[in-house]
Trainee: 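Let me give you the structure first, and then I'll get to my questions.
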There are 2 protein chains.
Amino acid sequence: MKNIPVVLMGCGGVGRQLLQHIVTCRSLHANQGIRLRVVGVCDSKSLVVAPDVFSMELSDNLLLEVCRVKLDSSSSLLTLNGECQVYSNPELTKKIIDIAALLGKSTGLALVDCSASSETIGVLNRVVDIGCCAVLANKKPLTCKMEDYDKLVSHPRFIRHESTVGAGLPVIATINRLLSSGDPVHRIIGSLSGTLGYVMSEVEDGKPFSQVVKSAKSLGYTEPDPRDDLSGMDVARKALILARLLGQRLNLDSIKIESLYPGEMGPGVMSVEEFLGGGVSLLDKDFQERVHKASSKGNVLRYVCVIEGSRCEVGIQELPKDSALGRLKGSDNVLEVYSRCYPEQPLVIQGAGAGNDTTATGVLADILDLQDLFP
Amino acid sequence: MKNIPVVLMGCGGVGRQLLQHIVTCRSLHANQGIRLRVVGVCDSKSLVVAPDVFSMELSDNLLLEVCRVKLDSSSSLLTLNGECQVYSNPELTKKIIDIAALLGKSTGLALVDCSASSETIGVLNRVVDIGCCAVLANKKPLTCKMEDYDKLVSHPRFIRHESTVGAGLPVIATINRLLSSGDPVHRIIGSLSGTLGYVMSEVEDGKPFSQVVKSAKSLGYTEPDPRDDLSGMDVARKALILARLLGQRLNLDSIKIESLYPGEMGPGVMSVEEFLGGGVSLLDKDFQERVHKASSKGNVLRYVCVIEGSRCEVGIQELPKDSALGRLKGSDNVLEVYSRCYPEQPLVIQGAGAGNDTTATGVLADILDLQDLFP
């Protein structure tokens with residue numbers, strides 16, 4: 001039985017779902033000859049560790065207890081009972097690096113980042129440097145400054161981050177396959193936000209932008225402040241991850257990002273209530289005109305990322321109605337990849353690109369995909 | 001520099017293209033810290049081997065010479081000049097097994113099957129049993145009887161066969177990712193023949209079946225005898241590979257296969273000329289009626305494989321015009337995968353599913369994907 005020690009950072013929706021999947025898949029993985037041995041779990045404040053990381057693990061009961069405790073996001077892991085050591089914040093990072101140093105050269109370690117923090121890049125880089133593996137659902141360490149990114153991916157086989165783009169959709173794996181086999185990817189265009197995909201296809205059907213934004217919020221498709229989605233920043237992070245995969249050396253601040261609201265309606269200027277109550281409806285007319293203009297040419301508007309040559313842009317594009325992107329309805333993600341092997345008709349990947357279950361499933365597949373690196 | 005010894009079986013279109021890609025990608029792979037060391041190449045009649053498989057390799061010049069010689073499919077590897085040993089048929093299999101036994105326990109070996117032979121299952125199973133890796137573009141070893149299949153996939157991490165379904169499209173890798181992470185795939189439906197995809201979408205546009213078959217042949221989309229495509233047997237092999245991946249235990253002869261021509265027009269009864277000259281046009285009326293009937297319900301006809309529960313079928317299905325399969329035009333492959341994470345809206349993979357370049361690129365990606373198993 002191959003033993004993969006795991007330390008999880010982040011117990012929000014995705015992290016909790018991952019722990020549940022690990023427990024649920026015990027017998028499936030045993031049939032594959034694999035045991036995922038979770039030796040540590042942390043949130044932003046505290047770290048819970050098995051008493052002996054070489055031979056012990058956090059029990060399935062404890063992992064499920066973590067899930068229950070963290071259902072309330074204000075709860076702390078410090079309240080946990082069970083046979084484990086608990087470290088709080090100043091020691092937390094040091095302790096994870098200690099575990100990596102202990103396990104790195106013998107059994108190996110998979111450090112899994114399901115947080116949404118930009119602070120984890122430091123510990124990730126230290127752990128990768130020691131020779132451990134890293135699996136990320138967190139986009140921020142991959143969209144940090146180029147120098148830190150280079151360190152993070154310095155051993156490309158030791159890092160997986162499928163769930164940072166398109167959740168569980170096989171986006172990163174597919175692009176990596178093409179690149180490794182010498183098929184140069186020359187263009188990627190994708191709709192990588194379920195929220196903005198929904199907004200653009202509803203607007204296309206003639207509904208006012210403001211009404212669509214409000215429905216999206218009430219359906220739970222948006223962040224509590226919908227401007228977090230409408231700013232395009234989340235899509236820009238995904239675009240940057242793809243652009244860097246293709247070898248572009250650029251930072252987040254050099255990506256051209258089109259925001260779907262003007263600066264004078266930003267979070268620093270008006271509250272969410274003011275934005276939804278009044279501001280956003282001022283944008284309806286302009287949207288309607290753009291939709292009509294595109295439609296008169298047989299096109300539709302989509303909020304996409306375009307990566308091509310040294311170009312990396314995020315914003316609204318007019319696209320043919322009968323392309324994979326143009327046909328997109330609802331909240332699915334779609335990615336079109338053009339390469340030597342797919343020159344005119346792209347390789348297309350489509351499906352749900354969000355959701356804790358789908359994202360956590362992608363993380364779990366990534367961990368298992370690293371198995372050949374473990375003794 | 002990691003060294004991956006490779007023996008290639010089959011120097012037809014895909015095999016030749018693979019050798020060319022390997023030579024072309026030398027510096028790319030060197031940057032990744034990888035050297036693909038081709039120690040042997042064989043066709044059905046002869047095997048060319050490096051003088052010392054531990055330390056030597058067939059030179060790039062020799063590999064390109066193999067490509068040139070085999071451009072004429074009747075030419076033999078026996079005509080090659082260069083520093084190599086040549087074995088002819090009765091010794092050929094034994095020699096490959098000897099190489100695997102020599103390299104298996106030390107450096108490892110990737111045995112690559114780009115042939116179209118059903119005879120390679122024996123040597124593949126012996127080589128896998130020794131602990132070597134196998135990469136297949138050849139569908140036949142995976143669609144042999146269940147007992148041999150079980151042996152072939154007994155070490156699942158040591159075998160890759162992405163290019164057996166959808167050429168370079170990430171079909172097998174994606175399904176394996178879902179399965180390994182405990183996301184049960186409950187339904188797959190796909191159009192996995194570029195030829196039949198083309199035929200069905202042209203027939204939908206009102207062209208007579210016989211005319212479409214003749215155009216497909218003249219465009220080079222079909223085998224020399226188009227009935228090889230129209231029989232559905234190639235799609236059935238792909239369906240069987242997917243069904244077995246999902247755990248179905250069945251053989252080729254238990255798959256329900258709809259042939260697009262009746263038995264009385266089969267190759268044993270009439271020649272290709274008779275079929276194209278007269279026989280096939282007798283099928284036009286029936287096709288036209290089926291297309292109209294589907295169209296009147298807002299549906300289109302597609303030649304698909306359906307894998308669901310214990311069901312594995314290959315044939316014409318009526319599908320909604322606005323589904324990923326219904327929208328398919330031309331010779332692209334499309335696969336819809338339904339699972340817990342993709343319950344209503346499937347995960348869709350679409351793109352060119354044939355061609356030597358695309359297929360060989362998929363094989364090369366598979367070889368590189370095995371790299372962590374090599375010392």
Side-chain angles (χ1 to χ4, degrees), chain A residues 21-22 24-25 28-29 32-34 156-158 162 167-170 173-174 176-183 322 324 327 329-332 334 336-337 339-352 355 357-374, chain B residues 21-22 24-25 28-29 32-34 156-157 162 167-170 173-174 176-184 322 324 327 329-332 334 336-337 339-352 355 357-374:
Chain A
H21 282 341
I22 288 175
T24 309
C25 289
L28 174 76
H29 292 156
Q32 295 167 12
I34 298 283
R157 298 293 294 179
F158 285 68
E162 189 58 87
L169 293 176
T174 298
N176 272 332
R177 277 182 68 90
L178 294 177
L179 296 177
S180 74
S181 55
D183 184 15
D322 70 344
R327 286 187 303 256
K329 289 281 165 197
S331 62
D332 266 9
V334 179
E336 299 182 1
V337 180
S339 70
R340 187 192 68 227
C341 287
Y342 305 95
E344 310 275 333
Q345 291 278 93
L347 190 168
V348 181
I349 298 165
Q350 176 167 354
D357 186 3
T358 312
T359 307
T361 300
V363 172
L364 186 50
D366 273 354
I367 300 173
L368 292 162
D369 202 33
L370 290 165
Q371 64 183 273
D372 299 328
L373 294 166
F374 288 79
Chain B
H21 283 341
I22 288 175
T24 308
C25 289
L28 174 76
H29 292 156
Q32 295 166 12
I34 298 283
R157 296 294 293 181
E162 188 58 87
L169 294 176
T174 299
N176 272 332
R177 277 183 68 90
L178 293 178
L179 295 177
S180 73
S181 55
D183 184 15
D322 69 344
R327 286 187 303 256
K329 289 281 164 198
S331 62
D332 266 9
V334 180
E336 300 182 359
V337 180
S339 69
R340 186 193 68 228
C341 287
Y342 305 95
E344 310 275 333
Q345 292 278 92
L347 189 168
V348 180
I349 298 165
Q350 177 167 352
D357 185 4
T358 313
T359 308
T361 300
V363 172
L364 186 51
D366 273 354
I367 299 173
L368 292 162
D369 202 34
L370 289 165
Q371 65 182 272
D372 299 328
L373 294 166
F374 288 78

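Each chain gets a letter, A, B and so on, in the order the sequences are listed, and its residues count up from 1.
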Trainee: What pairs with A/Asp372 under side-chain hydrogen bond (donor to acceptor under 3.5 Å, both in side chains), at least two apart in sequence or on another chain?
Mentor: B/Arg157
Trainee: Return the CG to CG distance between B/Leu347 and A/Leu169, rounded to the nearest 0.5 Å.
Mentor: 5.0 Å
Trainee: Compare every heavy atom of B/Gly182 with every heavy atom of A/Cys25, then report the nearest pair and how far apart it is.
Mentor: SG-CA, 3.7 Å
Trainee: Enter the distance from B/Lys329:NZ to A/Gln345:CD here, rounded to the nearest 0.5 Å.
Mentor: 11.5 Å
Trainee: Please look at A/Leu368 and chain B and tell me whether the side chain, the backbone, both or neither of the residue comes under 4.5 angstrom of a heavy atom of that chain.
Mentor: both
Trainee: Do B/His21 side-chain atoms and A/Asp183 backbone N/O form a donor-acceptor pair below 3.5 Å?
Mentor: no
Trainee: Provide the full list of salt bridge (Lys or Arg N to Asp or Glu O under 4.0 Å) pairs with a residue in residues 357-366 of chain A, sequence neighbours left out, each pair given once.
Mentor: A/Asp357-B/Arg340, A/Asp366-B/Arg177
Trainee: Flag the one option from A/Gln32, A/Gln371, A/His29 with the top tally of heavy-atom pairs under 4.5 Å to chain B.
Mentor: A/Gln371
Trainee: Considering only heavy atoms and a distance below 4.5 Å, find which of A/Ala352, A/Ser339, A/Gly33 pairs most often with chain B.
Mentor: A/Ala352
Trainee: To the nearest 0.5 Å, what is the distance between CD1 (A/Ile34) and OG (B/Ser180)?
Mentor: 9.5 Å
Trainee: From B/Thr361 OG1 over to A/Tyr342 OH, what is the distance, rounded to the nearest 0.5 angstrom?
Mentor: 8.0 Å
Trainee: Which residue out of A/Gly351, A/Ala167, A/Ala173, A/Cys341 racks up the most heavy-atom pairs below 4.5 Å with chain B?
Mentor: A/Cys341
Trainee: Measure distances from B/Asp369 to the heavy atoms of chain A and classify the residue's part below 4.5 Å as side chain, backbone, both or neither.
Mentor: both
Trainee: Need one label for A/Leu179: side chain, backbone, both or neither, based on atoms under 4.5 Å from any heavy atom in chain B.
Mentor: backbone
Trainee: Considering non-hydrogen atoms only, spot the tightest contact between B/Ser181 and A/Leu364 and give its length.
Mentor: O-CD2, 3.6 Å
